[in-house]
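Quick note: residue numbers are just sequence positions, from 1.
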Amino acid sequence: MLVTRQSESGSTPVIAIHLVYEDTYEAWSSHQSEAVRNWLAAQAFRGEKGRVVLIADPQGKLLAVVSGLGLRAAMETLSLWHGAALSDRLPEGTYEVATKLSPAETMQFALGWEYGLYRFDRYKKVDTKSPERKQRTLVVDQAIQVTAQQINHACSMARDLINTPASDLHPNALAQAAVDVATKFNATIRRYAGDELLKENFPAVHAVGRAGSVAPELVDFEWGDQKHPRVTLVGKGVCFDTGGLDIKPSSSMLLMKKDMGGAACVIALAQLVMQAKLPVRLRVIIPAVENAIAGNAFRPGDVLDTRSGLHVEIGNTDAEGRLILCDGLALADADEPELLIDMATLTGAARVALGPEVPALFTRDSSLARELMEIGLKECDPMWQLPLWAGYEDELGSKIADLNNASASGFSGSITAALFLQRFVSKAKQWIHLDLYAWNAKDRPGRPVGGEAQCIRTLFAYLSKRFSSTR
């Protein structure tokens with residue numbers, strides 16, 4: 001039966017949420033009152049996916065929520081987005097799931113609930129009485145609630161960074177965001193800016209960022225016990241990408257504030273790892289630049305030095321992300337980490353291949369790829385493997401340098417970009433490259449148009465599983 005109970009304080013009603021499948025609707029509804037059955041019938045509700053019906057008591061107060069899940073046979077488990085869809089649209093109140101869920105489903109629902117409450121309103125005059133500002137609380141086991149809130153907080157931080165315009169999130173501000181997270185956990189921080197990058201042997205980062213009105217930077221921080229396995233994260237931090245002298249058309253620049261999405265997701269993942277006190281020696285490297293146009297901008301045809309000693313001919317200044325990453329990866333690789341992960345909004349080709357919702361995964365370890373893809377499906381945070389196809393290596397050839405930063409053919413762009421990065425990774429025991437979009441192109445519950453935190457939940461789940469057993 002539909003029931004509302006009082007909260008522990010006795011002052012707040014806790015509204016029941018009933019999750020109903022189409023194929024079990026008849027059995028479920030047979031246990032409800034005639035009035036409830038009649039009301040659901042009047043709404044033509046039969047448990048269809050995405051349908052929500054509010055049930056009021058005789059005084060007109062909200063008594064319960066009935067939410068359709070669709071056909072059970074079509075679902076392996078409850079999705080995070082079911083929770084997001086409800087918190088995104090329900091009235092203000094305190095809620096509790098009345099349907100019996102597994103611990104994993106409860107976590108997904110609780111995280112989705114938190115996720116669905118996200119709003120980026122930094123630049124809006126916010127009306128605190130607006131429906132979007134109402135409090136919607138979910139009563140759930142405290143341990144699950146804490147974990148869900150921590151993951152959501154990290155993801156929200158990444159989304160905020162991605163949504164912030166480049167006028168406010170320039171290279172110095174992005175670097176400071178990384179430093180702020182590192183400082184909270186007493187990490188050891190190294191930070192280089194402007195010509196310091198040349199002195200410290202980050203020539204490619206300097207070359208890409210030197211034309212910007214705000215100097216390029218690189219943040220490098222470490223946390224954890226030196227005896228633990230080394231995990232290193234590298235994030236592409238291009239705060240705005242004009243394309244450089246190979247300038248993008250105006251329509252292609254509209255979303256280029258998000259070109260630091262890889263760095264934002266790395267910072268968020270690092271926060272979760274440190275917050276969970278995973279037994280790893282964590283290192284985080286964030287090169288932060290703006291690919292701008294000025295008299296000192298790097299040019300097509302230039303040959304750039306890199307930290308590794310390889311020389312790169314510039315075939316296209318709009319292939320700048322791989323240039324700053326190659327210095328970061330060379331720094332990371334020198335430590336021979338157990339696991340090296342880079343995240344970048346790197347190529348349009350990955351979006352053509354997999355669309356905006358599925359980041360491209362590259363790794364030399366096929367079993368690792370399979371495990372990550374499986375976890376991604378469970379976490380509603382997918383990624384999919386594309387091959388490091390050696391047959392395309394010659395696309396990066398140069399007659400005057402060790403390699404070119406852009407393929408002349410125009411084919412297999414995400415693969416050739418990954419092959420470029422692979423040239424700078426030789427000592428890491430395992431390497432993962434993620435080419436992500438970091439943006440929601442269409443409005444959906446929990447996923448408004450704007451910045452998206454991709455790969456964070458999957459990678460955190462994987463790292464927690466892999467390294468918690470080494471305590």
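- The existence of a salt bridge linking R136 and D88 is excluded, since no basic side-chain nitrogen approaches an acidic carboxylate oxygen closer than 4.0 Å.
- In terms of modelled atom types and a separation under 3.5 Å, the side chain of D141 and the main chain of A143 share a donor-acceptor contact.
- Salt bridge status for R190 with E200: absent, with no side-chain N to carboxylate O gap under 4.0 Å.
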Validation: residues 320-331 side-chain donor-acceptor distances under 3.5 Å, sequence neighbours left out:
unit_1 : atom_1 : unit_2 : atom_2 : d
R322   : NH1    : N405   : O      : 2.9
D327   : OD1    : R307   : N      : 2.8
D327   : OD2    : A204   : N      : 2.8
D327   : OD2    : V205   : N      : 3.2

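- At least one donor-acceptor pair under 3.5 Å links the side chain of D443 to the backbone N or O of V449.
- Put simply, the side chain of R210 reaches to within 4.5 Å of the side chain of F298, judged on heavy atoms.
- The pair D335-R283 meets the salt-bridge criterion, since a charged nitrogen lies less than 4.0 angstrom from a carboxylate oxygen.
- Identified under the ring-ring contact (aromatic ring centres under 6.0 Å, His included) test for residues 329-362, with sequence neighbours left out: F362-H433.
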Intermediate values then yes/no, side-chain contact (heavy atoms from CB on, under 4.5 Å), F109 and L86: CA-CA 10 Å; F109 191 90; L86 288 173; 3.7 Å; yes
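- In this structure, Q108 and H82 have side chains that are not in contact, with every pair of non-hydrogen atoms separated by 4.5 Å or more.
- Classification of E336 and K429 as a salt-bridged pair fails, no side-chain N sitting under 4.0 Å from a carboxylate O.
- Side-chain contact check for I17 versus T99: every heavy-atom pair is 4.5 Å or farther apart.
- Here the side chain of T345 pairs a donor or acceptor atom with the backbone of D259 at under 3.5 angstrom.
- At distances below 3.5 Å, not a single donor-acceptor pair connects side-chain atoms of D302 with backbone N or O atoms of I314.
- The residues D402 and R423 are annotated as not salt-bridged, no charged nitrogen and carboxylate oxygen being separated by less than 4.0 angstrom.
- In this view, M107 and I144, T147, A148 satisfy the side-chain contact (heavy atoms from CB on, under 4.5 Å) rule, not counting sequence neighbours.
- The shortest distance between side-chain heavy atoms of T306 and F202 does not fall below 4.5 Å.
- Formation of a donor-acceptor pair under 3.5 Å by the S412 side chain with backbone atoms of I415 is not found in this model.
- F467 places a side-chain heavy atom less than 4.5 Å from the side chain of P229.
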Salt bridge (Lys or Arg N to Asp or Glu O under 4.0 Å) evaluation trace for R281 with E222: CA-CA 7 Å; R281 178 65 172 169; E222 293 188 73; 3.7 Å; yes
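- Side-chain polar atoms of Y123 and N163 form no donor-acceptor pair below 3.5 angstrom.
- Under the 4.5 Å side-chain criterion, counting only non-hydrogen atoms from C-beta, Y462 is in contact with L339.
- Taking 4.5 Å as the limit, every side-chain heavy atom of R191 sits out of range of all side-chain heavy atoms of L218.
- Taking the side chain as every heavy atom from C-beta outward, V284 and V219 never approach each other to under 4.5 Å.
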